[in-house]
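This report refers to the structure that appears directly beneath it.
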Amino acid sequence: MEENVTKGLPFIKMHGAGNDFVVIDSRGREAAMTPGLARALGDRNRGVGFDQLAEIRSSDVADFALDFWNSDGTMAGACGNATRCVCDLVMRDLNRDSLELVTARGRLFARRLADGRVSVNMGHPQRAWDQVPLAHRVDVMHLPLAGDPVAIGMGNPHCVHFVRDAETVDLVAIGPRIENDPLFPQRTNVEFASVLGPDHLRMRVWERGAGVTLACGSGACATAVAAHLRGLTGRQVVLELDGGVLEVDWREDGVWLTGPVARVFDGVISASYLAAHP
Ligand SMILES: N[C@H](CCC[C@H](N)C(=O)O)C(=O)O
């Protein structure tokens with residue numbers, strides 16, 4: 001009955017404002033992830049199920065390195081909520097209240113606030129068309145697409161729409177079309193935001209490689225930056241997402257993302273499952 005779990009792959013299930021993750025710690029050993037295994041594990045019926053998988057790896061230039069995999073098996077250059085979740089884990093592990101990590105977009109800095117929440121500096125917004133990236137030169141503040149959206153990179157691409165009421169947007173109908181528009185050579189995450197008050201936005205998201213998620217940290221950063229650039233908010237913004245509240249503070253040293261973290265359960269992926277999904 002009992003399979004030898006010592007040969008399996010331990011993981012931790014976490015979420016940040018409902019954006020859910022599987023965390024694998026590969027420090028001190030070969031990376032475990034492949035596109036096929038990420039896609040299999042991301043399946044909410046046949047796998048564990050997640051929006052993203054975050055794989056921790058050893059680093060000789062920072063406290064650790066972090067890779068992000070979407071549930072469709074593609075890699076992402078940034079994942080704000082997973083970064084906050086993993087930093088919470090490692091800070092507790094090392095009994096530290098600040099950390100440096102390295103991701104595909106470079107070195108990030110995280111710290112634990114007095115109220116226990118984790119805040120991560122997600123870096124500076126990428127506002128040049130070829131950094132987002134876009135397929136050719138256009139005005140990133142007014143894309144030639146329906147709804148006059150804004151393009152912002154945060155290590156991953158975002159297409160931000162400001163609408164009268166974000167609640168009414170049919171994400172499933174509209175999201176995939178924009179995600180796969182030829183203007184985005186690496187596809188894009190798609191955000192819809194409405195203004196609830198000064199420095200207060202309601203935001204919903206269709207994520208590249210994951211679909212509708214309850215929250216998106218890098219998307220919240222991109223949306224707050226776009227809102228400020230459009231004159232809709234200040235530089236410190238509270239965003240109400242379907243899964244909870246995120247705070248963004250666009251400061252001189254970068255865009256800081258703050259929000260909740262939850263550790264849900266620990267598990268082991270069985271050796272037989274790993275063998276069946278190389
Ligand atoms: N789907 C995103 C990665 C995860 C972003 C989101 N979960 C976050 O918290 O930033 C992408 O392909 O760029």
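Position 1 is the first residue of the sequence; numbering continues from there.
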Heavy-atom side-chain contact between [X] and [Y] under 4.5 Å:
X	Y	result
Ile56	Ser26	no
Asn81	Phe21	yes
Leu196	Arg202	yes
Val261	Arg117	no
Val237	His200	no
Ser194	Leu201	no
Asp20	Lys13	yes
Trp256	Arg251	yes

Check whether any side-chain N or O of [X] sits under 3.5 Å from a backbone N or O of [Y] as a donor-acceptor pair, and report yes or no.
X	Y	result
Tyr273	Ala40	yes
Thr74	Asn70	no
Arg235	Val248	no
Arg29	Asp25	yes
Asp130	Pro133	no
Asp63	Glu100	yes
Arg204	Ala166	yes

Test: [X] and [Y] ion pair at under 4.0 Å:
X	Y	answer
Arg92	Asp88	yes
Asp93	Arg27	yes
Asp266	Arg263	yes

side-chain contact (heavy atoms from CB on, under 4.5 Å) between Leu99 and Leu94: does it pass, once the steps are laid out? CA-CA 10 Å; Leu99 288 170; Leu94 301 180; 4.1 Å; yes
Nearest non-hydrogen partners of [X] and [Y], listed with the distance:
X	Y	answer
Asn19	Gly217	OD1-N, 4.4 Å
Ala32	Glu55	N-OE2, 2.6 Å
Ala135	Pro182	CB-O, 3.4 Å
Pro149	Leu145	CD-O, 3.5 Å
Leu171	Val205	CD1-O, 3.6 Å
Val102	Ala62	N-CB, 4.0 Å

Looking at Leu246, Asp249, Leu239, which one forms a side chain to side chain contact (heavy atoms under 4.5 Å, CB included) with Leu257? Leu246
Would you kindly say whether [X] and [Y] are connected by a side-chain donor-acceptor distance under 3.5 Å?
X	Y	result
Asn156	Ser218	yes
Thr223	Glu191	no
Thr188	Glu179	no

[X] [atom1] to [Y] [atom2] distance, which is reported to the nearest 0.5 Å:
X	Y	atom1	atom2	value
Cys216	Met203	SG	CE	5.0 Å
Glu240	Glu167	CD	CD	9.5 Å
Gln131	Met154	CD	CE	11.5 Å
Leu214	Asp242	CG	CG	6.0 Å
Glu30	Arg57	CD	CZ	10.5 Å
Ser59	Phe64	OG	CZ	9.5 Å

My understanding is that only one of Asp181, Asp72, Asn180 makes a side chain to side chain donor-acceptor pair (under 3.5 Å) with Arg187; could you say which? Asp72
Tell me whether the centres of the aromatic rings in His136 and Trp129 are closer together than 6.0 Å. no
What do the steps show when you test Gln126 against Ile152 for side-chain contact (heavy atoms from CB on, under 4.5 Å), and what is the final call? CA-CA 6 Å; Gln126 297 160 311; Ile152 297 275; over 6 Å; no
Those residues at least two apart in sequence (or on a different chain) that pass salt bridge (charged side-chain N to carboxylate O under 4.0 Å, His left out) with Asp148 are Arg230
Take Val225 and Leu229, measure what side-chain contact (heavy atoms from CB on, under 4.5 Å) needs, and give me the verdict at the end. CA-CA 6 Å; Val225 167; Leu229 292 172; 3.8 Å; yes
Parallel, tilted or perpendicular: ring planes of His161 versus Phe192, cut at 30 and 60 degrees: parallel
Arg177 to Trp206, cation-pi by 6.0 Å centre distance and 45° axis angle: no
From CA spacing to verdict: side-chain contact (heavy atoms from CB on, under 4.5 Å), Trp250, His228: CA-CA 9 Å; Trp250 182 13; His228 180 65; 3.7 Å; yes
